[in-house]
There are 2 protein chains.
Amino acid sequence: MADINFSRSAPPVDPAAKAAEPSGPDFQLIELLFFAYRDFVGDADQMLARYGFGRAHHRVLYFVERNPGIRVTDLLDILRITKQSLGRVLKQLVDEGFILQTPGESDRRQRLLHATRKGSRLVQELAERQSQRLEQAAAGLDAAGRAGARAFLQNMIDRDAPPRAPSDDVA
Amino acid sequence: MADINFSRSAPPVDPAAKAAEPSGPDFQLIELLFFAYRDFVGDADQMLARYGFGRAHHRVLYFVERNPGIRVTDLLDILRITKQSLGRVLKQLVDEGFILQTPGESDRRQRLLHATRKGSRLVQELAERQSQRLEQAAAGLDAAGRAGARAFLQNMIDRDAPPRAPSDDVA
DNA sequence: AATTTATGTCAGCCATATTGACTTATTCTG
DNA sequence: CAGAATAAGTCAATATGGCTGACATAAATT
């Protein structure tokens, strides 16, 4: 694969060519994000396959573990998927004992979601593997660099949760 | 959605709680990556929909634009998909005049790929929109922070392109 | 009592990816 | 040169994870 222009090989951008500012889009950074995220989720994909799960299961289980007792509606808002899409993977996670549903105390229509011990353990395993990659990536950086990386990602996120049309799906 | 534990709302991690180190996986950073990447690709998705394209088309067109004259095999190696998957979107991009195929000069089995002017223009538009988000995210950072963000992403990427089994698909 | 809300479900469709099996050119090699 | 290897393409079937639309049920609200 001679002379392919992506991150793993020679950097396409000469760091010394700083003079002419109107250099257009930062292709290097765009590619960095693409490859970094791919490898990042790839870690989890491998482990999930051993359970017969996919990324969708990971996301659901993750946010349930991180938000114990979350309502279905709120989970849908975080994931930004439809309840039909959620339903399929959630059912599997419940059937296989990774998530538990309990009726809401004040509102018994709710089916509040909790990770079981088994579910928590899986989330933990997955997070540890992903965190390992993140720690190694941060290892070469000083405090300012690490803070910068975190702040950069934080700033990339839309401030205002893009408004849902008032009667979207949760109608 | 009271008290949901994700990046947009109150940070789950108290920055002052620095004492006990064995704090486990960095959930905050994991979530930051998830939401940041989602919004990042969301920008492109919107524009692509106007052309009847999806993310797969974007990736193909992007790497062709960035690697003019690339061979199909090398594109497959970058994208890490099968030629059948590539075939579908590549055909559309060629049929609709975004990509051009030219026979290799020394090896006429090759169908070297080039973005047409139309294709380049679309890549540019998409990259500008994505770059705008990246620039805004970097705007609040000093030089050290920006360098840190870039280095962090770079370090997240697997050094060694994970070895393909010697006769994987390109058989 | 009527309406709204929270949740779930059926059916069908789309986009993207996979495996496996073959075909057609063309190049390389013994 | 004959045969093997390589570059590319194609057909068919399947999986995953999304989507829309149409309903159903139970519980809460008005």
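What's counted below: heavy atoms across the whole structure, side chains too, no hydrogens, waters or symmetry copies. Just so we're on the same page: letters track the sequence lines, and every chain starts at 1.
- Distance B/Gln110 CD to D/dA5 P: 19 Å, rounded to the nearest Å.
- B/Lys118 places a side-chain N or O within 3.5 Å of a backbone atom of B/Glu96 that can act as its donor or acceptor partner.
- Rounded to an integer number of Å, the gap from A/Arg88 CZ to C/dC14 P is 16 Å.
- Comparing D/dG17, D/dC19, D/dA7 against the side chain of B/Thr73 picks out D/dA7 as the nearest.
- Distance B/Arg71 CZ to D/dT6 P: 12 Å, rounded to the nearest Å.
- With hydrogens and angles ignored, the 3.5 Å screen pairs a side-chain donor or acceptor of A/Arg133 with a backbone N or O of B/Met156.
- The CG atom of A/Asp45 sits 12 Å away from the C1' atom of C/dA17 (whole-angstrom rounding).
- Residues in residues 87-106 of chain A take part in these ring-ring contact (aromatic ring centres under 6.0 Å, His included) pairs, two or more places apart or across chains: A/Phe53-A/Phe98.
- A salt bridge is absent between A/Arg146 and B/Asp26: the closest approach of a Lys/Arg side-chain nitrogen to an acidic carboxylate oxygen does not fall below 4.0 angstrom.
- The residue B/Arg55 sits close only to the backbone: its heavy atoms come under 4.0 Å of sugar-phosphate atoms, none of a base.
- Nucleic acid contact for A/His58: none, since no nucleic acid atom lies under 4.0 Å from a heavy atom of the residue.
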Which atom pairs link the protein and nucleotides 23-30 of chain C when you take only N or O atoms and keep those under 3.5 Å?
unit_1	atom_1	unit_2	atom_2	d
C/dT26	O2	B/Arg109	NH1	3.3
C/dT27	OP1	B/Arg108	N	3.1

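- One finds a side-chain N or O of A/Ser85 lying less than 4.0 angstrom from the OP1 or OP2 phosphate oxygen of D/dC19.
- Atom CD of A/Gln92 and atom C1' of D/dT16 are 10 Å apart (whole Å).
- Stacking of B/Arg59 on the aromatic ring of A/Phe34 is not recorded, the 6.0 Å distance cut-off and the 45° axial limit not both being met.
- Under the 4.5 Å side-chain contact rule for hydrophobic residues, B/Leu79 and B/Leu76 share a cluster.
- Straight-line distance from the CZ atom of A/Arg80 to the P atom of D/dC19: 12 Å, rounded to whole Å.
- Between the NE2 atom of B/His57 and the C1' atom of C/dA17 there is a distance of 13 Å, given to the nearest Å.
- What separates CG of A/Leu61 from P of D/dG17 is a distance of 13 Å, to the nearest Å.
- OP1 and OP2 of C/dA17 both lie 4.0 Å or more from every side-chain N or O belonging to B/Thr82.
- Ring pair A/Phe152/B/Phe40: centre-to-centre distance not below 6.0 Å.
- Of the possible donor and acceptor atoms, none in the side chain of B/Arg38 sits under 3.5 Å from a partner among the backbone N and O of A/Ile157.
- Looking only at distances, no side-chain donor or acceptor of A/Asn67 sits under 3.5 Å from a matching main-chain atom of A/Ile70.
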Report all interatomic pairs (protein N or O, nucleotide N or O of nucleotides 8-12 of chain C) with separations under 3.5 Å.
unit_1	atom_1	unit_2	atom_2	d
C/dG8	OP1	A/Gln101	NE2	2.9
C/dG8	N7	A/Lys83	NZ	3.4
C/dG8	O6	A/Lys83	NZ	2.7

